[in-house]
A.B. asks: 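The structure is given below, and queries will be raised subsequently.
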Amino acid sequence: MRFSKTLTNWYSVNKRELPWRQTIDPYTIWLSEIILQQTQVKQGLPYYYSFLDEFPSVHHLAEADEEKVLKLWQGLGYYSRARNLHGTAKYIVNELNAEFPNTYKGLLKLKGVGDYTASAIASICFNEPAAVVDGNVYRVLSRYFGIDTPINSTKGIKEFKALAQELIDKEMPGEHNQAIMEFGAIQCKPKNPDCNICPFNDSCIAFSEHRITELPVKLKKLKVKKRYFNFLVLLSEDFNTVLEQREGKGIWQNLYQFPLIETESEMDIEEFRAKIKDNELLNESRYRLSLYNEKSIIHKLSHQHLYTKFWILNIDEIKTKSIPVNNIKNYPVPILIGNFIDTFRFK
DNA sequence: AAATCGGGGCA
DNA sequence: TGCCCAGATTT
(Lines give C-alpha, C1' and ligand atoms only; values in the text may rest on other atoms or scores of the structure.)
Protein backbone atom coordinates (compact mmCIF):
# COMPACT_ATOMS: atom_id res chain seq x y z
CA MET A 1 0.00 0.00 0.00
CA ARG A 2 2.92 2.26 0.76
CA PHE A 3 4.28 1.51 -2.67
CA SER A 4 1.03 2.38 -4.42
CA LYS A 5 0.60 5.51 -2.35
CA THR A 6 4.01 6.89 -3.29
CA LEU A 7 3.35 5.92 -6.88
CA THR A 8 0.00 7.63 -7.24
CA ASN A 9 1.26 10.70 -5.42
CA TRP A 10 4.07 10.94 -7.93
CA TYR A 11 1.54 10.38 -10.71
CA SER A 12 -0.79 13.17 -9.65
CA VAL A 13 2.07 15.62 -9.90
CA ASN A 14 3.95 14.35 -12.92
CA LYS A 15 1.49 12.73 -15.29
CA ARG A 16 1.14 13.90 -18.86
CA GLU A 17 -2.19 15.15 -20.07
CA LEU A 18 -3.17 12.53 -22.61
CA PRO A 19 -6.51 12.43 -24.42
CA TRP A 20 -7.46 8.90 -23.36
CA ARG A 21 -7.16 9.99 -19.75
CA GLN A 22 -10.25 12.14 -20.12
CA THR A 23 -12.59 9.17 -20.43
CA ILE A 24 -13.45 5.71 -19.18
CA ASP A 25 -15.45 4.78 -22.26
CA PRO A 26 -14.40 1.24 -23.15
CA TYR A 27 -14.34 1.81 -26.90
CA THR A 28 -12.01 4.75 -26.53
CA ILE A 29 -9.79 3.04 -23.98
CA TRP A 30 -9.69 -0.15 -26.04
CA LEU A 31 -8.70 1.80 -29.14
CA SER A 32 -5.94 3.62 -27.29
CA GLU A 33 -4.58 0.41 -25.76
CA ILE A 34 -4.40 -1.40 -29.08
CA ILE A 35 -2.63 1.54 -30.68
CA LEU A 36 -0.16 1.77 -27.82
CA GLN A 37 0.90 -1.89 -27.90
CA GLN A 38 4.67 -1.89 -28.45
CA THR A 39 4.30 1.73 -29.49
CA GLN A 40 5.48 4.90 -27.82
CA VAL A 41 2.87 7.46 -26.88
CA LYS A 42 4.39 10.05 -29.14
CA GLN A 43 4.15 7.76 -32.15
CA GLY A 44 0.62 6.55 -31.43
CA LEU A 45 -0.98 9.86 -30.59
CA PRO A 46 -1.76 11.09 -34.13
CA TYR A 47 -3.25 7.70 -35.01
CA TYR A 48 -5.47 7.85 -31.97
CA TYR A 49 -6.84 11.19 -33.10
CA SER A 50 -7.41 10.16 -36.68
CA PHE A 51 -9.12 6.91 -35.69
CA LEU A 52 -11.48 8.64 -33.28
CA ASP A 53 -12.12 11.26 -35.89
CA GLU A 54 -12.92 8.71 -38.57
CA PHE A 55 -14.61 6.18 -36.27
CA PRO A 56 -16.18 8.00 -33.33
CA SER A 57 -17.88 4.83 -32.10
CA VAL A 58 -17.52 1.08 -32.35
CA HIS A 59 -20.39 1.18 -34.85
CA HIS A 60 -18.49 3.39 -37.23
CA LEU A 61 -15.47 1.13 -37.00
CA ALA A 62 -17.54 -2.01 -37.48
CA GLU A 63 -19.15 -0.67 -40.63
CA ALA A 64 -15.94 0.42 -42.28
CA ASP A 65 -14.09 -1.55 -44.95
CA GLU A 66 -10.97 -3.31 -43.75
CA GLU A 67 -9.04 -1.54 -46.44
CA LYS A 68 -9.94 1.79 -44.96
CA VAL A 69 -8.92 0.67 -41.49
CA LEU A 70 -5.57 -0.58 -42.76
CA LYS A 71 -5.01 2.61 -44.68
CA LEU A 72 -5.56 4.64 -41.56
CA TRP A 73 -3.17 2.32 -39.69
CA GLN A 74 -0.51 2.69 -42.35
CA GLY A 75 2.89 3.42 -40.90
CA LEU A 76 2.14 2.25 -37.39
CA GLY A 77 3.32 -1.32 -37.89
CA TYR A 78 2.12 -4.65 -36.51
CA TYR A 79 -0.80 -4.63 -38.89
CA SER A 80 -2.52 -7.60 -37.32
CA ARG A 81 -3.50 -5.10 -34.65
CA ALA A 82 -5.56 -3.21 -37.24
CA ARG A 83 -7.17 -6.35 -38.64
CA ASN A 84 -8.03 -7.61 -35.16
CA LEU A 85 -9.29 -4.17 -34.18
CA HIS A 86 -11.67 -4.17 -37.10
CA GLY A 87 -12.74 -7.77 -36.66
CA THR A 88 -13.37 -7.29 -32.96
CA ALA A 89 -15.42 -4.14 -33.61
CA LYS A 90 -17.66 -6.13 -35.94
CA TYR A 91 -17.88 -8.93 -33.40
CA ILE A 92 -18.86 -6.57 -30.60
CA VAL A 93 -21.49 -4.84 -32.67
CA ASN A 94 -22.96 -7.93 -34.28
CA GLU A 95 -22.62 -10.53 -31.54
CA LEU A 96 -22.51 -8.52 -28.33
CA ASN A 97 -25.08 -5.90 -29.17
CA ALA A 98 -22.35 -3.28 -29.21
CA GLU A 99 -21.57 -3.83 -25.54
CA PHE A 100 -18.00 -4.42 -24.46
CA PRO A 101 -17.26 -7.27 -22.07
CA ASN A 102 -16.93 -5.68 -18.65
CA THR A 103 -14.55 -8.11 -16.97
CA TYR A 104 -10.90 -9.07 -17.41
CA LYS A 105 -11.91 -12.60 -18.30
CA GLY A 106 -14.46 -11.51 -20.86
CA LEU A 107 -12.15 -8.97 -22.45
CA LEU A 108 -9.42 -11.57 -22.76
CA LYS A 109 -11.55 -13.46 -25.27
CA LEU A 110 -11.41 -10.63 -27.78
CA LYS A 111 -8.95 -11.00 -30.63
CA GLY A 112 -5.97 -8.75 -30.19
CA VAL A 113 -6.63 -8.42 -26.48
CA GLY A 114 -4.11 -10.25 -24.33
CA ASP A 115 -3.31 -10.18 -20.65
CA TYR A 116 -2.06 -6.63 -20.63
CA THR A 117 -4.88 -5.04 -22.61
CA ALA A 118 -7.60 -6.94 -20.79
CA SER A 119 -6.17 -5.79 -17.47
CA ALA A 120 -5.88 -2.22 -18.66
CA ILE A 121 -9.47 -1.96 -19.90
CA ALA A 122 -10.92 -3.86 -16.94
CA SER A 123 -9.17 -1.65 -14.42
CA ILE A 124 -9.63 1.70 -16.14
CA CYS A 125 -13.18 1.26 -17.36
CA PHE A 126 -14.69 -1.14 -14.85
CA ASN A 127 -12.59 -0.65 -11.74
CA GLU A 128 -11.54 -4.29 -11.65
CA PRO A 129 -8.28 -4.82 -9.72
CA ALA A 130 -6.37 -6.50 -12.54
CA ALA A 131 -2.71 -5.52 -12.62
CA VAL A 132 -1.12 -4.57 -15.91
CA VAL A 133 2.37 -5.78 -16.70
CA ASP A 134 3.91 -4.03 -19.66
CA GLY A 135 7.50 -3.14 -20.43
CA ASN A 136 7.36 -0.27 -17.96
CA VAL A 137 6.07 -2.42 -15.12
CA TYR A 138 8.75 -5.05 -15.68
CA ARG A 139 11.39 -2.37 -15.41
CA VAL A 140 9.99 -0.63 -12.35
CA LEU A 141 9.39 -3.81 -10.36
CA SER A 142 12.62 -5.54 -11.31
CA ARG A 143 14.59 -2.49 -10.20
CA TYR A 144 12.68 -1.57 -7.08
CA PHE A 145 12.67 -5.13 -5.75
CA GLY A 146 16.00 -6.13 -7.26
CA ILE A 147 14.53 -9.07 -9.14
CA ASP A 148 16.78 -10.59 -11.77
CA THR A 149 14.43 -13.26 -13.10
CA PRO A 150 14.43 -12.75 -16.88
CA ILE A 151 11.30 -10.84 -17.79
CA ASN A 152 10.81 -12.81 -20.99
CA SER A 153 11.00 -16.22 -19.33
CA THR A 154 7.92 -18.21 -18.36
CA LYS A 155 8.94 -17.95 -14.73
CA GLY A 156 9.51 -14.22 -14.95
CA ILE A 157 6.18 -13.54 -16.60
CA LYS A 158 4.35 -15.35 -13.80
CA GLU A 159 6.48 -13.85 -11.07
CA PHE A 160 6.05 -10.24 -12.14
CA LYS A 161 2.35 -10.63 -12.78
CA ALA A 162 1.85 -12.00 -9.28
CA LEU A 163 3.93 -9.23 -7.74
CA ALA A 164 2.10 -6.54 -9.67
CA GLN A 165 -1.19 -8.06 -8.55
CA GLU A 166 -0.07 -7.91 -4.91
CA LEU A 167 0.82 -4.26 -5.18
CA ILE A 168 -2.27 -2.97 -6.92
CA ASP A 169 -4.54 -0.51 -5.16
CA LYS A 170 -7.89 -2.26 -5.15
CA GLU A 171 -9.77 0.95 -4.54
CA MET A 172 -8.43 2.66 -7.62
CA PRO A 173 -6.81 0.03 -9.83
CA GLY A 174 -7.07 2.06 -13.02
CA GLU A 175 -5.25 4.98 -11.47
CA HIS A 176 -2.62 2.67 -9.99
CA ASN A 177 -2.03 0.89 -13.29
CA GLN A 178 -1.61 4.08 -15.23
CA ALA A 179 0.61 5.50 -12.53
CA ILE A 180 3.11 2.65 -12.60
CA MET A 181 3.31 2.73 -16.39
CA GLU A 182 3.73 6.48 -16.47
CA PHE A 183 6.37 6.22 -13.78
CA GLY A 184 8.27 3.70 -15.89
CA ALA A 185 7.97 5.84 -18.99
CA ILE A 186 9.03 9.15 -17.43
CA GLN A 187 11.03 8.51 -14.27
CA CYS A 188 12.25 4.91 -14.26
CA LYS A 189 13.37 5.10 -17.88
CA PRO A 190 15.37 2.35 -19.62
CA LYS A 191 18.46 4.51 -19.90
CA ASN A 192 19.93 7.12 -17.60
CA PRO A 193 17.06 7.50 -15.15
CA ASP A 194 17.59 10.42 -12.77
CA CYS A 195 17.44 8.47 -9.52
CA ASN A 196 18.33 11.54 -7.49
CA ILE A 197 14.84 12.92 -7.91
CA CYS A 198 13.06 9.56 -7.62
CA PRO A 199 10.55 9.21 -4.78
CA PHE A 200 11.71 5.61 -4.31
CA ASN A 201 15.42 6.25 -4.04
CA ASP A 202 15.37 5.54 -0.30
CA SER A 203 14.07 2.00 -0.77
CA CYS A 204 14.88 0.94 -4.34
CA ILE A 205 17.07 -2.18 -4.29
CA ALA A 206 18.63 -1.59 -7.70
CA PHE A 207 19.57 1.97 -6.72
CA SER A 208 21.16 1.04 -3.44
CA GLU A 209 23.06 -1.86 -5.01
CA HIS A 210 24.04 0.07 -8.14
CA ARG A 211 22.25 -2.37 -10.40
CA ILE A 212 20.08 0.08 -12.32
CA THR A 213 21.84 -0.63 -15.57
CA GLU A 214 21.62 -4.40 -15.04
CA LEU A 215 17.88 -4.55 -14.51
CA PRO A 216 15.59 -5.72 -15.86
CA VAL A 217 17.23 -8.90 -17.12
CA LYS A 218 16.08 -10.01 -20.52
CA LEU A 219 16.99 -13.25 -22.27
CA LYS A 220 18.57 -12.63 -25.60
CA LYS A 221 16.72 -14.52 -28.24
CA LEU A 222 19.46 -15.65 -30.48
CA LYS A 223 18.52 -18.19 -33.03
CA VAL A 224 20.26 -21.44 -32.29
CA LYS A 225 21.74 -23.07 -35.32
CA LYS A 226 21.52 -26.81 -35.76
CA ARG A 227 24.58 -28.69 -36.98
CA TYR A 228 25.05 -32.36 -37.65
CA PHE A 229 28.34 -33.85 -36.57
CA ASN A 230 29.53 -37.31 -37.51
CA PHE A 231 32.70 -38.45 -35.80
CA LEU A 232 34.77 -41.27 -37.30
CA VAL A 233 36.07 -43.40 -34.48
CA LEU A 234 38.67 -45.61 -36.11
CA LEU A 235 39.79 -48.66 -34.20
CA SER A 236 42.50 -50.91 -35.58
CA GLU A 237 43.43 -54.47 -34.67
CA ASP A 238 46.48 -53.17 -32.82
CA PHE A 239 44.39 -50.65 -30.85
CA ASN A 240 45.24 -47.47 -32.61
CA THR A 241 42.87 -44.65 -33.47
CA VAL A 242 42.98 -41.26 -35.13
CA LEU A 243 42.61 -37.82 -33.57
CA GLU A 244 42.79 -34.55 -35.44
CA GLN A 245 43.37 -31.07 -34.15
CA ARG A 246 40.75 -28.44 -34.89
CA GLU A 247 42.09 -25.38 -36.57
CA GLY A 248 40.86 -22.07 -37.87
CA LYS A 249 37.98 -20.17 -36.38
CA GLY A 250 34.86 -21.48 -34.74
CA ILE A 251 34.28 -23.69 -31.78
CA TRP A 252 36.85 -25.79 -30.00
CA GLN A 253 39.83 -24.09 -31.56
CA ASN A 254 43.00 -26.18 -31.26
CA LEU A 255 41.30 -28.97 -29.37
CA TYR A 256 41.37 -32.54 -30.62
CA GLN A 257 38.56 -34.62 -31.98
CA PHE A 258 37.90 -37.72 -34.01
CA PRO A 259 37.86 -37.03 -37.74
CA LEU A 260 34.70 -35.07 -38.35
CA ILE A 261 32.26 -35.15 -41.21
CA GLU A 262 29.64 -32.45 -40.93
CA THR A 263 26.43 -32.98 -42.87
CA GLU A 264 23.32 -30.97 -43.66
CA SER A 265 21.05 -33.45 -41.95
CA GLU A 266 21.15 -36.61 -39.89
CA MET A 267 22.71 -39.61 -41.59
CA ASP A 268 21.53 -43.18 -41.37
CA ILE A 269 24.05 -45.95 -41.80
CA GLU A 270 23.57 -46.45 -45.53
CA GLU A 271 23.80 -42.75 -46.28
CA PHE A 272 26.87 -42.51 -44.15
CA ARG A 273 28.51 -45.54 -45.72
CA ALA A 274 28.19 -43.85 -49.07
CA LYS A 275 29.44 -40.62 -47.62
CA ILE A 276 32.75 -42.10 -46.47
CA LYS A 277 33.28 -44.44 -49.39
CA ASP A 278 36.19 -42.47 -50.78
CA ASN A 279 37.53 -41.11 -47.52
CA GLU A 280 41.30 -41.08 -47.58
CA LEU A 281 41.57 -42.38 -44.05
CA LEU A 282 40.08 -45.62 -45.22
CA ASN A 283 41.81 -45.85 -48.53
CA GLU A 284 42.27 -49.41 -49.70
CA SER A 285 41.36 -50.74 -46.28
CA ARG A 286 38.70 -53.14 -45.23
CA TYR A 287 36.54 -52.04 -42.36
CA ARG A 288 33.34 -52.68 -40.51
CA LEU A 289 31.02 -49.77 -39.88
CA SER A 290 28.69 -49.48 -36.91
CA LEU A 291 26.89 -46.70 -35.09
CA TYR A 292 27.71 -46.15 -31.42
CA ASN A 293 24.63 -44.07 -30.56
CA GLU A 294 21.41 -44.76 -32.40
CA LYS A 295 19.92 -41.45 -31.29
CA SER A 296 21.94 -38.33 -31.87
CA ILE A 297 23.60 -36.82 -28.86
CA ILE A 298 22.49 -33.20 -28.73
CA HIS A 299 25.30 -31.08 -27.45
CA LYS A 300 24.05 -27.59 -26.66
CA LEU A 301 26.31 -24.60 -27.04
CA SER A 302 25.17 -21.05 -26.52
CA HIS A 303 24.53 -20.44 -30.18
CA GLN A 304 24.29 -23.85 -31.78
CA HIS A 305 23.04 -27.35 -31.13
CA LEU A 306 25.23 -30.16 -32.29
CA TYR A 307 23.40 -33.32 -33.31
CA THR A 308 26.16 -35.82 -32.93
CA LYS A 309 26.74 -39.41 -33.99
CA PHE A 310 29.81 -41.47 -33.26
CA TRP A 311 30.53 -43.96 -36.03
CA ILE A 312 32.78 -46.89 -35.12
CA LEU A 313 35.07 -48.21 -37.83
CA ASN A 314 36.82 -51.42 -37.00
CA ILE A 315 39.69 -51.63 -39.38
CA ASP A 316 42.61 -53.98 -39.95
CA GLU A 317 45.26 -51.36 -40.08
CA ILE A 318 45.40 -47.56 -40.01
CA LYS A 319 47.66 -46.24 -42.75
CA THR A 320 47.70 -42.60 -41.76
CA LYS A 321 48.96 -40.98 -38.61
CA SER A 322 47.47 -42.72 -35.64
CA ILE A 323 47.79 -42.89 -31.89
CA PRO A 324 47.44 -45.73 -29.40
CA VAL A 325 44.07 -45.67 -27.71
CA ASN A 326 45.92 -45.86 -24.40
CA ASN A 327 47.23 -42.36 -25.00
CA ILE A 328 43.93 -40.85 -25.92
CA LYS A 329 43.36 -39.25 -22.57
CA ASN A 330 46.49 -37.14 -23.01
CA TYR A 331 44.83 -35.00 -25.62
CA PRO A 332 42.66 -31.99 -24.90
CA VAL A 333 39.23 -32.71 -26.30
CA PRO A 334 35.82 -31.03 -26.15
CA ILE A 335 33.59 -32.36 -23.39
CA LEU A 336 31.40 -33.93 -26.05
CA ILE A 337 34.33 -36.07 -27.16
CA GLY A 338 35.50 -36.60 -23.60
CA ASN A 339 32.17 -38.02 -22.53
CA PHE A 340 32.28 -40.45 -25.41
CA ILE A 341 35.81 -41.55 -24.56
CA ASP A 342 34.80 -42.10 -20.95
CA THR A 343 31.96 -44.43 -21.86
CA PHE A 344 33.28 -46.24 -24.91
CA ARG A 345 35.22 -49.46 -24.42
CA PHE A 346 38.20 -49.25 -26.72
CA LYS A 347 39.42 -52.73 -25.81
C1' DA B 1 9.36 -22.29 -25.64
C1' DA B 2 10.47 -19.77 -29.61
C1' DA B 3 9.35 -17.26 -33.84
C1' DT B 4 6.92 -13.63 -35.92
C1' DC B 5 5.13 -9.22 -36.53
C1' DG B 6 7.04 -2.82 -37.72
C1' DG B 7 8.44 1.28 -37.41
C1' DG B 8 10.45 5.02 -34.75
C1' DG B 9 13.34 6.96 -30.88
C1' DC B 10 17.52 7.06 -28.48
C1' DA B 11 22.36 6.54 -26.67
C1' DT C 1 24.20 -0.81 -33.99
C1' DG C 2 21.45 -2.54 -30.30
C1' DC C 3 17.72 -1.96 -27.31
C1' DC C 4 13.15 -0.49 -26.22
C1' DC C 5 8.35 0.84 -26.82
C1' DA C 6 1.36 1.18 -22.42
C1' DG C 7 2.19 -7.17 -26.55
C1' DA C 8 -0.43 -10.77 -29.00
C1' DT C 9 -0.55 -14.70 -31.69
C1' DT C 10 1.14 -18.62 -34.04
C1' DT C 11 4.21 -22.47 -34.52
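When reading the values below, keep in mind they use all heavy atoms of this one structure, side chains included, and skip hydrogens, waters and symmetry mates. Since the model is a prediction, treat every value here as computed from it, not as a measurement. Chain letters run A, B, ... following the sequence lines, proteins first and then strands; every chain starts at 1.
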A.B. asks: Just the rounded figure in Å: distance from P of dA2(B) to CD1 of I157(A).
C.D. replies: 11 Å
A.B. asks: Between Y47(A) (OH) and dG6(B) (P), how many Å, whole number?
C.D. replies: 13 Å
A.B. asks: Distance from Q187(A) atom CD to C195(A) atom SG, nearest 0.5 Å?
C.D. replies: 7.0 Å
A.B. asks: Give me each pair satisfying ring-ring contact (aromatic ring centres under 6.0 Å, His included) with a member in residues 163-191 of chain A, each pair once, sequence neighbours excluded.
C.D. replies: W10(A)-F183(A), F183(A)-F200(A)
A.B. asks: Can you tell me the distance, in whole Å, between the CH2 atom of W73(A) and the P atom of dC5(B)?
C.D. replies: 17 Å
A.B. asks: What is the nucleic acid contact for L76(A), judged by heavy atoms within less than 4.0 Å: base, sugar-phosphate only, or nothing?
C.D. replies: base
A.B. asks: Starting from the 5' end of DNA chain B, give me the residue, Y79(A) or N192(A), whose nearest nucleotide shows up first.
C.D. replies: Y79(A)
A.B. asks: Roughly, in whole Å, what's the span from CD in Q74(A) to P in dG6(B)?
C.D. replies: 13 Å
A.B. asks: Mind checking what makes ring pair (Phe, Tyr, Trp, His ring centres under 6.0 Å) contact with F310(A), not counting sequence neighbours?
C.D. replies: F231(A), F340(A)
A.B. asks: So, F229(A) versus Y307(A), ring centres under 6.0 angstrom or not?
C.D. replies: no
A.B. asks: Are R21(A) and E182(A) within salt-bridge range, i.e. N to O under 4.0 Å?
C.D. replies: yes
A.B. asks: Mind checking whether M267(A) and Y228(A) have side chains closer than 4.5 Å, heavy atoms only?
C.D. replies: no
A.B. asks: Between dA6(C) and dA3(B), how far is it from one C1' atom to the other, in whole Å?
C.D. replies: 23 Å
A.B. asks: Work out how far the C1' atom of dC3(C) is from that of dG6(B), and round it to whole angstrom.
C.D. replies: 15 Å
A.B. asks: One character per nucleotide, please: for nucleotides 4-11 of chain C, 5' to 3', B when the base has a protein heavy atom closer than 4.0 Å, S when only the sugar-phosphate does, - otherwise.
C.D. replies: SBBBSS--
A.B. asks: Would you mind reading off the distance between R81(A) atom CZ and dG8(B) atom P, rounded to a whole angstrom?
C.D. replies: 12 Å
